[in-house]
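Counting from 1, the numbers follow the sequence of the chain as shown.
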Amino acid sequence: ITPEQAEKKAEELLKKKGFEQMQSSYYYSAGGVCYINFAYSPEGIMVYPDLLQVGIAMDTGDLVYWQALGYWNNHRTDRQFTPKLSAEEAQKYLGSGLTVEKSNGLCIIPSPGQNEILAYEFLCKGDNGKTYLIYINAENGVEESIFILVIDESGVLTV
């Protein structure tokens with residue numbers, strides 16, 4: 001099956017098991033398995049601490065991997081999603097040498113000490129040709145996190 005078909009099967013499985021408001025983020029394939037990351041996503045806002053991963057066999061379409069520790073340890077429904085900064089204001093805090101390809105909107109990211117940060121997620125291309133996910137704090141404009149995206153025929157990985 002294709003990665004898109006694997007994602008569809010994983011979405012159906014999540015719904016059947018009662019996981020509501022889940023949205024896929026990225027996937028990668030290895031060893032004949034497509035691993036798809038899902039995060040709780042109320043109001044379209046990705047809550048990355050509530051992450052789970054589903055592995056679907058690429059030959060049979062069967063579930064072969066399930067990792068929901070992040071979801072079970074962190075999931076709650078009382079989070080606040082009211083930013084002080086707009087996406088346009090937050091974008092001004094991005095470093096030079098970056099071109100925003102897409103603003104993915106608000107999200108919640110984990111921080112040290114089991115805290116959570118309301119942030120804006122920006123998909124950017126650097127002057128060096130690399131693709132980045134950059135998280136700008138929606139309260140104060142601080143650059144909280146940067147990931148390099150590795151995109152190839154196996155899918156997408158963050159480094």
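Linking ILVMFWY residues whenever their side-chain heavy atoms come closer than 4.5 Å, directly or via other members, leaves Ile117 and Val142 in distinct clusters. The hydrophobic cluster containing Leu69 does not contain Leu63, counting ILVMFWY residues as joined when their side-chain heavy atoms lie under 4.5 angstrom apart, directly or transitively. When the side chains of ILVMFWY residues are joined at heavy-atom separations under 4.5 Å, either directly or via intervening members, Phe122 and Ile148 end up in a single hydrophobic cluster.
Between Glu11 and Lys16, none of the side-chain N atoms (NZ, or NE/NH1/NH2) sits under 4.0 Å from a carboxylate O, so this pair counts as no salt bridge. Electrostatic pairing of Lys15 and Glu20 does not count as a salt bridge here, judged by no charged N lying under 4.0 Å from a carboxylate O.
Gln5 contributes a side-chain N or O that, together with a main-chain N or O of Thr2, makes up a donor-acceptor pair within less than 3.5 Å. In this structure, the side chain of Asn74 engages the main chain of Gly70 through a donor-acceptor pair within 3.5 Å.
Side chains of Lys125 and Thr99: a donor-acceptor N/O pair is absent below 3.5 angstrom, by distance only. Glu144 and Tyr135 are not linked by any side-chain donor-acceptor pair at a separation below 3.5 angstrom, with hydrogens and angles left out of the test.
Residue Gln80 qualifies as open at atom CD: its count of foreign heavy atoms under 6.0 Å is 12 or below.
Interatomic distance, CG of Asn137 versus CG of Leu85, reported as 7.5 Å (0.5 Å rounding).
Sequence neighbours left out, not one pair with a member in residues 76-120 passes ring pair (Phe, Tyr, Trp, His ring centres under 6.0 Å).
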Using residues 35-44 as the side-chain source, report each donor-acceptor pair under 3.5 Å to any protein atom, sequence neighbours left out, with the distance given to one decimal.
| residue | atom | partner | partner atom | Å |
| --- | --- | --- | --- | --- |
| Asn37 | OD1 | Gln53 | NE2 | 2.9 |
| Ser41 | OG | Gln23 | OE1 | 3.0 |

